[in-house]
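Below is one structure, written out as C-alpha cells, with a few remarks after it.
Lettering follows sequence order; numbering is per chain, from 1.
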Amino acid sequence: MAHTCIHWFRKGLRLHDNPALMAALKDCKELYPLFVLDPHLHDSSCVGINRWRFLIGALKDLDLSLRKLNSRLFVVRGKPEDVFPMLFNQWKATRLTYEYDTEPYSLSRDKTVTTLAKEHGVEVIYKISHTLYDIDRVIEENNGKTPLTYNRMQAIVQTLGPPKRPIPAPTMENMKDVTTPCLENHEKSYGIPEVEDLGHDIAELPEECFPGGEQEALRRLEEHMKRTRWVCSFEKPQTSPNSLSPSTTVLSPYVRFGCLSARTFWWRLTDVYQGKEHSAPPVSLHGQLLWREFFYTASVGIPNFNRMEGNHVCTQVDWDSNPEHLAAWREARTGFPFIDAIMTQLRREGWIHHLARHAVACFLTRGDLWISWEEGQKVFEELLLDGDWALNAGNWQWLSASTFFHQFFRVYSPVAFGKKTDKNGDYIKKYLPLLKKFPAEYIYEPWKAPRSVQQAAGCIVGKDYPQPIVQHEVISKKNIQRMKLAYAKRSAHPAESPSKKQAVKRKGTSVIDMLKKKHRKV
DNA sequence: GGCGTCGTTGCGTCT
DNA sequence: GAGACGCAACGACGC
C-alpha cells in the first residue's frame, strides 16, 4: 500500500541524517513535510528575537532544500492536538513520522498526538536521531540509574560503543514515486512566518551573526573541520571566553535546532582525528558532544530537572528574591563591565562563550547575587540561540553548585576572570563602548578610577555607568558560607541527599536482585 | 560501610 | 610566565 505521509519537523530541521524522514519516504505516494508553530513553544515571552529569526531562517532553508526534491514545507499555526485531527482528515493521511524528543513537554505532546493518530487510523513511526544514543538505553546500561558524573557517563558510552553512523539526505531517487500536493495559495495557507509575526519590534533587530539553517550548519562544520590541527588540539578550557570573535565553533545553535545532526558532527570529527594525535574527552570536541549527551541523560532520568523543588539530586538553597538585582543582571547594568559586556553580547548576538556563561551564572547565583538558577535559566532560554532545555537546566545546576558540581568555594571573580584572557579589556570596550576610553588598569573596575580619570574617559561611574551592585570580595565569601550551610542541611536530611537516595534505590532494587538470584537457582 | 581518589575551565600568592 | 600551594574541605564513584 502506498502511503500519504506527514513528516513532522520539530527539532531535526534538516534533511541529512534524518531517519524518520527516510521512513516517511518508504512506500509513500504523497508527502506533507510539516512544521507546527506551537503557541506553547513559539511565544514571544520565551523566545527572543534572535532565536525566532534563527528558527525562521532554518525553516526557509528547509523549504528551499525540499523544493529541490519537488516538495515543500507546510507551516501550520496552532496547538498540535488541534492541528493534527484537522490535517489527518484534510490530507487523508495514513502515516505520521517524527524524530523522537526527550523533553517532558515533547513526550506528553507526542503521546497525545499518537493517540489522536491512532483514532484516525494513522500509523506513527518515530526514530531517534537528535542525540548520539538512545537515552533510555544509556540509563538502562547503567542499571537504571542516572549517571551523575561525566566519568560514569564515559564508562557507559564505552560499553555502548561509538554512536550510529549518520545516514545521507534523501535524493531525487528516494523521491521518484513521491509527490507533495501543493496549492497555488501555498504561501498564504502554509507559508513561513516573518520575524515581525511574533510581535517583536523589528526596528531593534540586531545584526544577524549566526543565520539559521542546515546549509549554513554544514558550511560552518566544514569550515572548522578544515582546521585539522585546531580540531585535534582543541581543549575547551584553553579557549577564550572574551575574544573579539568566537574562539569555538558556534555549532551549538545548529545542533540545538537539529540543523546539524550530532552524529554527523561526531563522525566528521572522527574522520579528522583519524591517524592523528588528538585531544580527548572531556575537553575535546568529541567531549563537548558527550557533555550534551550527559545532560540529556540527566534530564531524562531526573524528575523535575528544570526546577529545584522536587528535584532530588538538586541541593535545596534559600535563594533570595531580588527583582532589582535580577533586572540589573539581565539588562547588563551590574556595574561590573565584564559581566555587563557578556550580557550585552548575549542579548545582541544570541551566543556567548561557555566560560562567559560560567562567569555570569556564578555571579547571579552562588557567587554574588544569590538569586535562583531558575531565574537565570529563563533568561538564557529566551536569549540564547542554542538554549536547549536539558543543557540549560543542567548547566545552571552545575554552575550554581546545586547538582553535579560541588566545589562551591571555587568562585569566578567578575573582575579577575576576564583579565586572564583579555588584559586590555578589548572585549568590554567592544560591547560597552561607553567605557572605550577607560585605561586598561581600570577597565574591569571603573569605580576605582580617580574622578579625574573618569572625567578624561568621558564616563562618570554612578552617572553614566552604574556603581557595582555588590561588593564582590565581601559578598562572595559570605555566600560560600551560605552554600556550606545549604550543603550541611542537605546531609542532615538523608532522604533529601542524593547519595542516600541512590542507596535507598539500591536497597529497593536489591529485592529484585534477590528475586533474580532465586530465579537463577530455580 | 569506610576510605581514597577524582572532579572540563577559581583566586591569590609565592617561587 | 608557568607551576605549586593554600584556601577549606564538597559529592560521586569505585574498591
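Across all strands shown, B/dT9 forms no Watson-Crick or G-U wobble pair with both key distances under 3.5 Å. Across all strands shown, C/dA8 remains unpaired; no Watson-Crick or G-U wobble contact has both distances below 3.5 Å.
Per the geometry, CE belonging to A/Met153 stands 24 Å off P belonging to C/dG11, to the nearest Å. The CD-C1' distance, from A/Gln397 to C/dG11, rounds to 15 Å in whole Å. Rounded to whole Å, the distance from CH2 on A/Trp291 to P on B/dT8 is 5 Å. One atom, NZ of A/Lys423, and another, C1' of C/dG1, lie 11 Å apart when rounded to the nearest Å. If you measure from atom CD1 of A/Ile302 to atom C1' of C/dA12, you get 13 Å, rounded to the nearest angstrom. The distance between atom NZ of A/Lys419 and atom P of B/dG10, rounded to the nearest whole Å, is 18 Å. Taking atom CG on A/Asn143 and atom C1' on C/dG14, their separation rounds to 14 Å, with Å as the unit. Spacing between atom CZ of A/Arg366 and atom P of B/dG10 amounts to 9 Å, rounded to whole angstrom units.
Here the side chain of A/Ala416 is nearest to one of B/dC11, B/dT9, C/dC10, namely B/dC11. In the set C/dG11, C/dC13, B/dC11, the nucleotide with an atom closest to the side chain of A/Leu148 is C/dC13. Checked against C/dC13, B/dT9, C/dA12, the side chain of A/Arg152 finds its nearest nucleotide in C/dC13. The A/Phe408 side chain lies nearest to C/dC10 when the options are B/dT8, C/dC10, C/dG11. Counting only heavy atoms from C-beta on, A/Trp398 has its side chain closest to B/dT8 among C/dC10, C/dC13, B/dT8. For A/Gln288, the listed nucleotide lying nearest its side chain is B/dT8; candidates were B/dT8, C/dC13, C/dG11.
Rounded to whole Å, the C1' atom of B/dT8 lies 22 Å from the corresponding atom of C/dA8. Separation of the C1' atoms belonging to C/dC13 and B/dG1 is 14 Å when rounded to the nearest angstrom. B/dC6 sits 15 Å from C/dA4 when the P atoms are compared, rounded to a whole Å. Comparing the same atom, P, in B/dT5 and in C/dC5 gives a spacing of 16 Å after rounding to whole Å.
A/Phe417 comes within 4.0 angstrom of sugar-phosphate atoms only, judged by non-hydrogen atoms across all strands, and of no base. Residue contacts for A/Val411: at a heavy-atom cut-off of 4.0 Å it reaches the sugar-phosphate backbone alone, with no base atom in range. Residue contacts for A/Lys420: at a heavy-atom cut-off of 4.0 Å it reaches the sugar-phosphate backbone alone, with no base atom in range.
Between A/Arg53 and A/Glu208 there is a salt bridge, with a side-chain nitrogen of the basic residue lying less than 4.0 Å from a carboxylate oxygen of the acidic one.
For the residue pair A/Tyr465/A/Asp340, the side-chain donor-acceptor check at 3.5 Å is satisfied. With 3.5 Å as the limit, one finds no donor-acceptor pair spanning the side chains of A/Asn395 and A/Arg357. Donor-acceptor pairing under 3.5 Å is recorded for the side chains of A/Arg490 and A/Thr315. A donor-acceptor pair shorter than 3.5 Å cannot be found between the side chains of A/Ser402 and A/Gln397.
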For nucleotides 2-8 of chain C, list the nitrogen or oxygen atoms of the protein found under 3.5 Å from its nitrogen or oxygen atoms, one pair per line.
none

Report, one line per pair, each donor and acceptor closer than 3.5 Å where one atom sits in a side chain of residues 436-445 of chain A; sequence neighbours left out.
from: A/Tyr444; atom 1: OH; to: A/Gly418; atom 2: O; distance (Å): 3.2
from: A/Tyr444; atom 1: OH; to: A/Asp422; atom 2: O; distance (Å): 2.5
from: A/Glu445; atom 1: OE1; to: A/Lys448; atom 2: NZ; distance (Å): 2.9

Could you please spell out the steps behind the ring-ring contact (aromatic ring centres under 6.0 Å, His included) verdict for A/Trp370 and A/Phe363?
CA-CA 8 Å; A/Trp370 202 257; A/Phe363 185 84; over 10 Å; no

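Considering only heavy atoms from C-beta on, A/Phe338 stays 4.5 Å or farther from A/Ser413 through its side chain.
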